[in-house]
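What follows is one structure encoded as structure tokens, with my remarks underneath.
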Amino acid sequence: MTKKMWGGRFAEAAAASVEEYTQSESFDRALCREDILGSKAHARMLGKVGIISPEEALSLGHGLDQVLAEIEAGTFVWRRELEDVHMNIERRLTEIVGPVGGKLHTARSRNDQVCLDFRLHVDARLGRWSAELARLVNVLCERAEEHGATLLPGCTHLQPAQPVSLAQHLLAYAQMFRRDFERLQDCLKRVRVSPLGAAALAGTTHPIDPAQVAEDVGFLSTFANSMDAVSDRDFALEALFCGSVIMMHLSRLCEELILWANPNFGYVRLPDAYSTGSSIMPQKKNPDVCELMRGKTGRVYGALTSLLTLMKGLPLTYNRDMQEDKEPFFDADRTVSSSVAIMADMLGVLEFVPEAMRRALAKGFLNATELADYLAAKGLPFREAHHATGAAVALAEKKGVGLEDLNLEELRAFSPLVEQDVFAVLEFEAAVARRNLAGGTGPESCAGQIVALRAWLAGIR
Ligand code: ARG
């Protein structure tokens with residue numbers, strides 16, 4: 001039984017079951033790079049302020065580099081009984097550099113250490129999410145540009161409402177993912193705060209320089225209150241919230257693609273590489289990628305709920321409960337980063353079927369608003385125009401035709417204001433083309449949205 005690094009006052013070893021139950025090494029190994037980065041910064045700072053000698057600081061730095069090299073080479077021996085990533089790394093460091101290894105933990109506690117590691121990790125991962133989101137926005141712009149003239153029924157209540165361009169539909173998602181990106185950048189301001197120097201909870205008597213550590217690891221600032229520093233997990237909660245919103249947006253898009261791939265819609269053909277077959281029904285091509293993405297959204301909400309629940313009853317400051325903060329984030333991170341990446345790849349090769357979308361326009365009287373607006377523009381109060389149009393829709397429905405298929409005489413029966421020019425107004429293309437005010441579905445508006453999104457993309461690179 002190895003003597004614990006904190007074992008000075010303990011006479012008996014922990015029960016094997018307790019050792020297994022309390023360890024975090026099996027999953028917080030994932031923080032090894034961040035742990036070494038943070039420790040190197042801490043050692044440099046200790047040397048700079050004279051708490052350890054410059055030679056000792058150098059020796060610690062080299063030792064930590066060697067530990068990292070061993071981890072990367074796969075020769076590092078992880079020891080479960082050493083509890084966590086921090087103790088594993090410190091133990092090996094001490095084997096390499098000798099007793100000076102024991103000086104690394106001066107003016108530091110695992111409480112501020114683990115928080116720094118986790119913040120560095122979240123920082124790196126949100127960087128990855130951001131890069132994938134930017135790629136996704138870019139793909140959406142490309143596909144929108146291709147489909148400025150492709151029309152489909154825009155829906156409310158999932159009922160045909162008004163014709164829109166596919167570009168406008170895709171750009172709506174581009175806006176969501178742009179906001180998601182921006183939300184991450186705002187969250188990162190609060191992630192990039194170094195807690196190192198808070199020590200266990202009260203700060204330290206050693207003359208340390210926390211700002212130097214923060215600068216060294218590329219963070220923006222240092223903690224303002226030591227007790228808050230070691231017990232704050234808001235940064236991870238915010239990250240999980242951002243991830244939840246990203247997944248919610250992806251899930252909505254997946255839901256639409258699943259509908260659109262159904263032969264009753266037929267708006268998209270799923271690439272073989274992004275669909276699967278059935279083991280019993282030979283004709284099937286299933287949208288499993290979209291379904292799984294919609295399903296995996298629940299895992300990320302679960303991670304957020306899990307961490308919120310974990311934190312709600314904790315008194316200040318650090319509590320061991322907080323060791324449970326990492327796995328939900330790791331799981332959510334795997335889900336979010338892979339989902340955004342796969343959606344970007346899939347959208348790049350997805351085949352849209354403009355003819356099917358065009359055919360769908362014929363059902364559902366999508367040009368009814370055009371007729372009502374036409375009458376209103378000719379001076380009829382909109383409520384009356386709405387009523388007259390409704391009556392025209394009822395007639396067309398009875399005849400099994402579209403509004404545009406009624407003849408002038410039939411239409412004039414609902415209002416004498418109707419003239420021959422109404423037929424141009426009822427055309428779907430015209431309905432879309434008239435909506436060029438900022439943000440509308442008109443082709444100029446969509447082109448403008450693409451220009452603005454691309455300028456934004458260029459600015460964030
Ligand atoms: N493995 C621990 C965690 O993840 C590290 C901090 C331990 N601190 C302590 N006082 N036991 O939270």
Side-chain angles (χ1 to χ4, degrees), residues 1-43 45-46 52 56-57 59-121 194-201 204 206 213 217 229-231 233 317-327 329-330:
M1 177 65 47
T2 336
K3 185 87 178 155
K4 296 292 181 205
M5 289 165 104
W6 38 255
R9 63 159 290 174
F10 286 76
E12 273 181 67
S17 58
V18 169
E19 202 164 83
E20 183 56 33
Y21 193 73
T22 55
Q23 66 83 27
S24 54
E25 173 275 329
S26 58
F27 54 85
D28 68 12
R29 286 174 180 212
L31 299 178
C32 61
R33 276 169 197 81
E34 291 85 352
D35 195 66
I36 289 172
L37 179 71
S39 285
K40 284 179 69 179
H42 183 64
M45 183 277 290
L46 291 177
I52 60 176
E56 287 173 326
S59 154
L60 289 173
H62 288 143
L64 286 162
D65 284 338
Q66 186 178 327
V67 174
L68 182 59
E70 290 177 10
I71 292 173
E72 273 167 358
T75 56
F76 187 92
V77 184
W78 292 97
R79 290 159 63 178
R80 189 63 50 97
E81 70 277 12
L82 291 178
E83 267 186 48
D84 57 26
V85 61
H86 323 292
M87 303 287 219
N88 266 275
I89 289 173
E90 193 183 318
R91 170 62 62 98
R92 179 68 191 127
L93 173 70
T94 306
E95 284 169 8
I96 296 169
V97 302
V100 66
K103 292 199 175 185
L104 176 64
H105 214 49
T106 314
R108 188 175 74 167
S109 151
R110 272 187 297 161
N111 299 349
D112 55 349
Q113 182 181 1
V114 70
C115 186
L116 175 65
D117 292 3
F118 196 20
R119 283 173 178 273
L120 286 167
H121 185 75
S194 173
L196 215 66
L201 76 159
T204 175
H206 296 282
V213 176
V217 299
V230 294
S231 66
R233 292 295 182 272
T317 54
Y318 177 84
N319 298 271
R320 189 64 177 271
D321 315 45
M322 287 153 81
Q323 180 168 294
E324 292 290 312
D325 60 2
K326 290 165 211 67
E327 284 172 294
F329 181 82
F330 294 159

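Model, not experiment: these values are computed from the prediction. Values below: every heavy atom of this structure, side chains too, minus hydrogens, waters and symmetry copies.
To the nearest 0.5 Å, atom CG of residue Asn319 and atom CG of residue Asn111 are 9.5 Å apart. If you take CD1 on Ile52 and NE2 on His206, they are separated by 11.5 Å, rounding to the nearest 0.5 Å. Here CZ of Arg108 is found 9.5 Å from CE of Met45. Values are rounded to the nearest 0.5 Å. To the nearest 0.5 angstrom, Glu90 atom CD is 9.5 Å from Leu60 atom CG. Expressed to the nearest 0.5 Å, how far SG of Cys32 lies from CG of Leu37 amounts to 11.5 Å. Here the straight-line distance linking atom CD1 of Ile36 with atom CD1 of Ile89 works out to 4.0 Å at 0.5 Å rounding.
Closest of all the heavy-atom pairs between Cys115 and Ala229 is SG-O, 3.5 Å. The two residues Gly63 and Ile96 make their nearest non-hydrogen contact at O-CD1, 4.1 Å. Residue Ala199 comes nearest to Val230 through the heavy atom pair O-CG1, 3.3 Å, listed as atom of the first residue, atom of the second, then distance. Nearest approach of Gly102 to Thr94, heavy atoms of both residues: N-OG1, 4.1 Å. Residues Phe27 and Phe330 come closest through the heavy atom pair O-CE1, 3.3 Å.
Using a distance-only test at 3.5 Å, with no hydrogens or angles considered, a donor-acceptor pair links the side chain of His42 to the main chain of Leu104. In this structure, Asp28 contributes its side chain and Val85 its backbone to a donor-acceptor pair below 3.5 Å. Of the possible donor and acceptor atoms, none in the side chain of Asp112 sits under 3.5 Å from a partner among the backbone N and O of Leu196. The backbone N or O of Asp84 lies less than 3.5 Å from no partner atom in the side chain of Arg110, so there is not a single donor-acceptor pair.
Judged as a side-chain hydrogen bond (donor to acceptor under 3.5 Å, both in side chains), and not counting sequence neighbours, the contacts of Gln23 are Ser26.
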Go through the steps to decide whether Val67 and Phe76 satisfy the test side chain to side chain contact (heavy atoms under 4.5 Å, CB included), and finish with yes or no. CA-CA 7 Å; Val67 174; Phe76 187 92; 3.6 Å; yes
Residue pair Val217, Arg119: steps toward the side chain to side chain contact (heavy atoms under 4.5 Å, CB included) verdict: CA-CA 11 Å; Val217 299; Arg119 283 173 178 273; over 6 Å; no
Worked check of side chain to side chain contact (heavy atoms under 4.5 Å, CB included) between Met322 and Val114: CA-CA 10 Å; Met322 287 153 81; Val114 70; over 6 Å; no
Evaluate the side chain to side chain contact (heavy atoms under 4.5 Å, CB included) criterion for residues Arg92 and Asn88: first the C-alpha distance (whole Å), next the side-chain angles of each, then the deciding distance (0.1 Å), finally the verdict. CA-CA 6 Å; Arg92 179 68 191 127; Asn88 266 275; over 6 Å; no
Would you sort out whether Glu34 and Lys326 count as a salt bridge (Lys or Arg N to Asp or Glu O under 4.0 Å), showing the intermediate values? CA-CA 14 Å; Glu34 291 85 352; Lys326 290 165 211 67; over 6 Å; no
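Between Asp325 and Arg233, at least one side-chain nitrogen of the basic residue sits less than 4.0 Å from a carboxylate oxygen of the acidic one, meeting the salt-bridge criterion. Electrostatic pairing of Glu25 and Arg91 does not count as a salt bridge here, judged by no charged N lying under 4.0 Å from a carboxylate O.
Under the side chain to side chain donor-acceptor pair (under 3.5 Å) rule, Asp35 has a single partner from Lys40, Gln113, His121, which is Gln113.
The shortest distance between side-chain heavy atoms of Arg33 and Glu72 falls below 4.5 Å.
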